Amino acid sequence: MQSQEIRKKFLDFFEKKGHKIVPSSSLVPENDPSVLFTTAGMQPMVAYLLGQEHPKGKRIANSQKCFRANDIEEVGDNRHTTFFEMLGNWSLGDYFKREQIPWIFEFLTKEIKLDPKKIYVTAFIGDPAHNLPKDFESAEIWKNLFAEKGITAKEVEFGTEKRASEIGMGGGRIFYYQDKNWWSMSGNPDSMQSGEPGGPDSEMFYEFSDIQHDVSFGKYCHPNCDCGRYVEIGNSVFMEYQKKSDGSFAKLPKQNVDFGGGLERLIAASNNEPDVFKIDTLFPIIKEIERLSEKKYGEDFEITKSFRIISDHIRAAVFMIADGVTPSNTERGYILRRLVRRAVVHAHKLNMNDGAFAELAVVVVQTYKNVYSIDNKIIDIKNILITEIEKFKNTLDKGLKEFEKGIDPFVLLTTYGFPIELTLELAKEKDIVVDVKNFEEKFKKHQEISRVGSEHKFKGGLADHNPKTIKLHTAHHLLLAALQEVLGKNVKQRGSNITQERLRLDFSFDRKLTDEEKKRVEEIVNDKIKESLPVVCKELPKAEAEKLGAEMEFGAKYGDVVSVYLIGEENKWISREFCGGPHVGNTNELGEFKITKEEAVAAGIRRIKGVLE
Ligand code: SER
């Protein structure tokens, strides 16, 4: 079976079970400056998982475009890709484990005809420290489903992956893990933010029996082992908890299910083909690289790796550009630049010529044009790629020579355009040690490149450092504080966007604001401006910042040490927010604040636009 068929089978299957099919959201999250890309199908669904009503109802299914920057370096093996489509089905306070697990098993075994003997599953072992129980229920449901297929499903308790690799499969079918079977956007129960939803999950793995366990990944193989014998093909998250500010967990008002399964991995399993690059979504790109490079895929390990990197990165680049990203030195643009430049280095290894990327982009567009509207953007995509590649090509050879001579990664970056990650990768291939600390020091001083973004390095704050934008940014903090004063502390930020002309703040509130309320909010902001309050930034460990009660936008990821912007006199702050800045030094720099618009954006979410005059 190929991609069109499996995508359709999945959506049809869940449509028959009462789900509404929704289109994929953009790769660039809307109203959420805190994350660079959509990394999971659930990301655009958070507000609904927390209880807001979805306009389409309680059962939703889709195929979501996703991009995971932290997998860039994993690309090269037979199953990791940065861009992928995630098939998803959601219960928003409707069905739960007893419905979803049998359905997904039916989909896997009947619709795409996987041999149940090759399916292995996992469940949450529990976390006594957080008072989170073991998920006996999922295990029991799975046990019965396997029994119906004549399979006795033995349970094995692993806990950590380390322990799993020490004891091995032990004839098991259902395996209990700890952190591996807990899902939230920011990881395990400890690392979750207060307010964030999460829950135990049950994952499905397909066994590629032809792949022999590789002991470099651990003594014994187990479902979560990285050797490639067992590949995760689906994950049902039973999203029923929310983390509280005191670190404890409470049940959400309703139980939700978030299932996600990588489309290509499902196809790989259905064809018993462990190499996702041989799937019809990627193989045409591989074929085109064969034609352009006159080399053969699978010929040797290094060549195959380059084929995979080029095809993954060009596909991701095409989708990013189609969703409006352009190469730059910051944030999303930097990730795109990194992908393109890394692909160019690998194309260089295969002796491909300069024009190759435009041709590869055409193949990507052809492959997907019936699923996503990207073919109308092909001219832009090609132009952006060609310009970006031209820029880098001019310095690539010289840069590589410089690299051979002994590297200063800072010069490689600033003079030859080598992203630091690329230099580190080239150095690793040659066993050269790079002085990263020295690089970082020089880099900090370097004004031109303001921030290196990746989901994990996110610090929050503005990409545009124009004075007008900075002023609006400080006004944005005052506005949130004023809204809380007038409408209550329950008002939380749900999105934001600031340009040189105006600010936009999305916040949780369930009705239209009255004229008096709007007026009062404006007055409070303008009073604070007139009071000439200092704006200060403190770098604090996250826990301390949380103790201060600093506002954070839900869904945002923050590092261990965070910066908090405080407005007001010491200890009499009127605004406290996790934020990367920059801000003005004093509120008296702002001018007069005006609300220009107040409207609904979704159920329970209002949007205010405002300006400074
Ligand atoms: N959110 C879960 C995941 O990304 C399931 O969709 O794995």
Side-chain angles (χ1 to χ4, degrees), residues 7 10-11 13-14 19 21-22 24-25 27 29 32 35-50 54 59-71 74 79-92 94-97 99-101 103-105 107-108 121-124 135 138 177-189 191-193 196-206 223-224 226 230-243 252 255-266 269 276 455-456 554-555 557:
R7 204 187 284 109
F10 180 86
L11 298 176
F13 180 83
F14 281 98
H19 291 65
I21 312 303
V22 300
S24 173
S25 301
L27 271 184
D32 190 350
V35 275
L36 294 180
F37 295 102
T38 302
T39 57
M42 71 86 76
Q43 210 167 294
M45 303 289 286
V46 173
Y48 309 113
L49 293 165
L50 285 171
H54 193 288
R59 298 184 179 193
I60 307 291
N62 69 351
S63 177
Q64 172 64 46
K65 296 178 278 184
C66 299
F67 176 82
R68 291 190 176 170
N70 42 331
D71 279 342
E74 305 284 335
R79 63 197 177 282
H80 280 93
T81 60
T82 56
F83 171 89
F84 63 100
E85 286 171 90
M86 194 186 268
L87 300 177
N89 69 264
W90 280 271
S91 159
L92 303 170
D94 189 355
Y95 58 82
F96 207 48
K97 299 177 190 176
E99 293 80 19
Q100 205 274 341
I101 296 177
W103 286 345
I104 203 67
F105 192 61
F107 174 74
L108 295 176
V121 300
T122 62
F124 185 51
D135 188 4
S138 294
Y177 290 85
Q178 188 149 1
D179 285 358
K180 273 279 161 189
N181 283 102
W182 179 268
W183 208 92
S184 81
M185 293 223 307
S186 42
N188 65 31
S191 56
M192 279 171 72
Q193 312 292 325
E196 195 179 348
D201 69 26
S202 182
E203 303 190 336
M204 293 125 251
F205 292 79
Y206 183 82
N224 277 303
D226 278 330
Y230 298 95
V231 172
E232 186 197 328
I233 51 170
N235 179 13
S236 298
V237 185
F238 304 111
M239 194 80 66
E240 59 170 332
Y241 293 97
Q242 185 173 32
K243 188 160 178 181
L252 283 166
Q255 293 176 315
N256 307 292
V257 181
D258 154 20
F259 170 83
L263 173 64
E264 275 150 346
R265 290 181 175 198
L266 285 162
V276 298
E455 282 107 323
H456 290 283
F554 176 69
K557 288 191 177 160

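In this text, all values refer to a predicted model and were calculated from it rather than measured experimentally. Order of listing sets the numbers, starting from 1, for every ligand and every atom in it.
- For the side-chain contact (heavy atoms from CB on, under 4.5 Å) with Gln43, the qualifying choice from Gln64, Met86, Met185 is Met185, the only one to do so.
- Of all atoms in ligand 1, numbered sequentially from 1 with element shown, those under 4.0 Å from a heavy atom of Gly260 are 5 (C), 6 (O).
- The residue from Trp90, Trp183, Trp182 that alone fulfils the side-chain contact (heavy atoms from CB on, under 4.5 Å) condition with Val237 is Trp183.
- Only side-chain heavy atoms of Arg68 come within less than 4.0 Å of ligand 1; its backbone N, CA, C and O stay farther off.
- The nearest pair of heavy atoms linking Gly198 to Ser184 is CA-CB, 4.1 Å.
- Residues Tyr95 and His19 bring their aromatic ring centres within 6.0 Å.
- Between Phe205 and Tyr230, the ring center distance fails the sub-6.0 Å criterion.
- Remark: the Glu196 side chain and the Ser186 side chain contain an N/O donor-acceptor pair separated by less than 3.5 Å.
- At the top of the distance list for atom 7 (O) of ligand 1, counting protein heavy atoms only, stands Asn235 ND2, 3.0 Å.
- In the vicinity of Phe259, heavy-atom distances shorter than 4.0 Å reach the ligand 1 atoms 6 (O).
- Under 4.0 Å from ligand 1, the heavy atoms of Trp183 that appear belong solely to its side chain.
- Within ligand 1, counting atoms from 1 as listed, the ones closer than 4.0 Å to a heavy atom of Ala40 are 4 (O).
- Taking every non-hydrogen atom of Met42 and a distance limit under 4.0 Å, the qualifying atoms of ligand 1 come out as 1 (N).
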Gln100 vs Asn89, side chain to side chain contact (heavy atoms under 4.5 Å, CB included): CA-CA, chis, key distance, verdict: CA-CA 9 Å; Gln100 205 274 341; Asn89 69 264; 3.5 Å; yes
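- For ligand 1, the polar-atom distance check finds no N/O of Val237 at less than 3.5 Å from any of the ligand's N/O atoms.
- The shortest N or O to N or O distance between Asp258 and ligand 1 is under 3.5 Å.
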